[in-house]
Amino acid sequence: MAGSGKTARLEVAVRQGALLGEGPTWDAERERLVWVDILASRVHTYAPADGRRTVLATEQHVGAAKPRAGGGLVVNLRDGVGLYDGDGSFSWLRREPVAGRRGNDAAVAPDGALWAGTMAYDERPGGGTLSRVAPDGSAVTVLTDVSISNGTGWSPDGRLMYYIDTPTRRIDVFDTDGPEVLGRRALARIEEGAGFPDGLTVDAEGCVWVALWGGGAVRRYTPDGRLDRTVAVPASNTTSCAFGGPGLRDLYITTARTGTDPGAEPLAGSLMVLPDAGQGLAQPAFAG
């Protein structure tokens, strides 16, 4: 870690060989972390207070799973956005299959809408989108010509939205105007050899934490784009991060086993945690 004056004490929260662990989210109501293994079509939960874990099998690849205000989960699947009720029953909120495309990362905005990204399975340039899905299932495509839609998050005051299209190597920032985003520009660029930006989270100071795929690290950038902290992760394909636990002080980090040598990286695919990493923001639940 650099620039913080603190000593990293990264721990293994859940030892797991996830093919493509992604999208950690703190479910405050149930005091548990929710994350997905995209390629295994699994939604995992972990309650740090007692170690309780659950696994939900989905019928399609699942890019993201987020808590719903009334209980259950909203999921970004291959063919669209679906809902799981508290009893485990499933229904489609918005089904719009596109051949060769799947849902990827997603995030819930301050107004309770889901911002759902997609990507082509072959990762072709322009094969993905970013859409705002309202609680009633209506949707507006906000960005087209996206390659790999990934991290999305908002500043503490909700006036800025951060976004990553991974192959660009940029963390972009937009101004928000209700459900619209304007004035896209780069907050920071990831240099060659450091990996590619993947998932992100925003802390209470407005700093952006970004996982680096192929870089084995999570970085923290200040609101003016300055790198002020780096956390080394013992898995080169570091995928995303989120604050959780008591007081939202612990940083949870997902990783992927795909594309790695298990002998060289035995912890790849595990869920990591950096205790007392900073102060996170409470994340809204999906309003649908």
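Computed from a prediction, not measured in an experiment: that's the story for all the values here.
No side-chain heavy atom of T166 sits under 4.5 Å from any side-chain heavy atom of M119. Counting only heavy atoms from C-beta outward, the side chains of E22 and D198 approach each other to under 4.5 Å. Counting heavy atoms from C-beta outward, W92 and D79 have side chains that approach closer than 4.5 Å. The shortest side-chain heavy-atom distance between P223 and V173 does not fall under the 4.5 Å cut-off. A heavy-atom distance below 4.5 Å is not found between the side chains of L212 and T238. You'll find the side chain of N150 stays beyond 4.5 Å of the side chain of D165, heavy atoms only. No side-chain heavy atom of T25 sits under 4.5 Å from any side-chain heavy atom of V108. Between I148 and N104, the closest side-chain pair of non-hydrogen atoms falls below 4.5 Å.
Distance alone, capped at 3.5 Å, is enough to place a donor-acceptor pair between the D37 side chain and the L19 backbone. Although no hydrogens or angles enter the test, the distance criterion places no donor-acceptor pair under 3.5 Å between the side chain of Q279 and the main chain of A204. When atom types are taken as modelled, the side chain of S147 and the backbone of G126 share a donor-acceptor pair closer than 3.5 angstrom. Side-chain N or O atoms of T239 include one that pairs as donor or acceptor with a backbone N or O of T254 at under 3.5 Å. With hydrogens and angles ignored, the 3.5 Å screen pairs a side-chain donor or acceptor of Q283 with a backbone N or O of L281. Using modelled atom types, one side-chain atom of R68 and one backbone atom of Y84 make a donor-acceptor pair closer than 3.5 Å. Between the side chain of D250 and the backbone N or O of D276 there is at least one donor-acceptor pair closer than 3.5 Å.
At a threshold of 4.0 Å, the pair D175-R185 counts as salt-bridged, since one of the basic side-chain nitrogens sits closer than that to a carboxylate oxygen. Ionic pairing of D203 and R229 is not present here: no N-O contact between side-chain nitrogen and carboxylate oxygen is shorter than 4.0 angstrom. By the 4.0 Å N-to-carboxylate-O rule, D50 lies too far from R52 to be salt-bridged with it.
Closest approach of L267 to P234, counting heavy atoms only: CD1-CG, 3.9 Å.
The local environment of CD in E31 is sparse, with at most 12 non-hydrogen atoms from other residues, nucleotides or ligands closer than 6.0 Å. By the 6.0 Å contact criterion, CD on E191 is enclosed, its count of non-hydrogen atoms from other residues, nucleotides or ligands being greater than 12. With a 6.0 Å radius and a threshold of 12 heavy atoms from other residues, nucleotides or ligands, E59 has its CD atom at or below the threshold. The local environment of CZ in R184 is crowded, with over 12 non-hydrogen atoms from other residues, nucleotides or ligands closer than 6.0 Å. Heavy atoms of other residues, nucleotides or ligands lying less than 6.0 angstrom from CZ of R159 number 12 at most.
Pairs of residues two or more places apart, or lying in two chains, that qualify as ring-ring contact (aromatic ring centres under 6.0 Å, His included) and include a residue from residues 9-61 are W35-H44, H61-Y121. Within the structure, every pair that satisfies the side chain to side chain donor-acceptor pair (under 3.5 Å) test and touches residues 259-268, not counting sequence neighbours, is listed here: S236-E265. The side chain to side chain donor-acceptor pair (under 3.5 Å) pairs that include a residue from residues 11-21 are R9-E11, Q16-R53, where partners are two or more places apart or lie in different chains. Each ring-ring contact (aromatic ring centres under 6.0 Å, His included) pair with one or both residues in residues 251-276, not counting sequence neighbours, would appear here, but there are none.
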Between R132 and D111, does a salt bridge (charged side-chain N to carboxylate O under 4.0 Å, His left out) hold up when you go through it step by step?
CA-CA 11 Å; R132 178 187 182 272; D111 66 358; 2.8 Å; yes
Run the side-chain contact (heavy atoms from CB on, under 4.5 Å) test on V34 and R32 for me, step by step, so that the C-alpha distance in whole Å, both residues' side-chain angles and the decisive distance to 0.1 Å come before the verdict.
CA-CA 7 Å; V34 181; R32 64 181 185 174; 4.2 Å; yes
Please step through side-chain hydrogen bond (donor to acceptor under 3.5 Å, both in side chains) for the pair T45 and T54, ending with a clear verdict.
CA-CA 5 Å; T45 72; T54 68; 2.4 Å; yes
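Interatomic distance, C207 SG to L200 CG, rounded to the nearest 0.5 Å: 12.5 Å. Atom CG of L20 sits about 11.0 Å away from atom CZ of R257, to the nearest 0.5 Å. Interatomic distance, CG of L114 versus CG of N76, reported as 6.5 Å (0.5 Å rounding). Here CG of L274 is found 10.5 Å from CZ of R249. Values are rounded to the nearest 0.5 Å. In this structure, CG on L187 lies 6.0 Å from CD1 on I171, to the nearest 0.5 angstrom. Between the CG atom in L251 and the CH2 atom in W209 there is a gap of 5.5 Å [rounded to 0.5 Å].
Figure legend: cation-pi geometry between R169 and F196, with NZ or CZ positioned under 6.0 Å from the six-membered ring centre and within 45° of its axis.
Counting only N and O atoms by type, the side chains of D228 and T222 include no donor and acceptor under 3.5 Å apart. Counted by atom type alone, T118 and T129 present one or more donor-acceptor pairs between their side chains at under 3.5 Å. Inspection of the S270 and T255 side chains reveals no N or O donor paired with an N or O acceptor under 3.5 Å.
When hydrophobic residues (I, L, V, M, F, W, Y) are linked wherever their side-chain heavy atoms come within less than 4.5 Å, the members clustered with W115 are L130, V142, L143, V146, W154, M161, Y163, F174, V181.
The side-chain hydrogen bond (donor to acceptor under 3.5 Å, both in side chains) test applied to E205 returns R220, not counting sequence neighbours.
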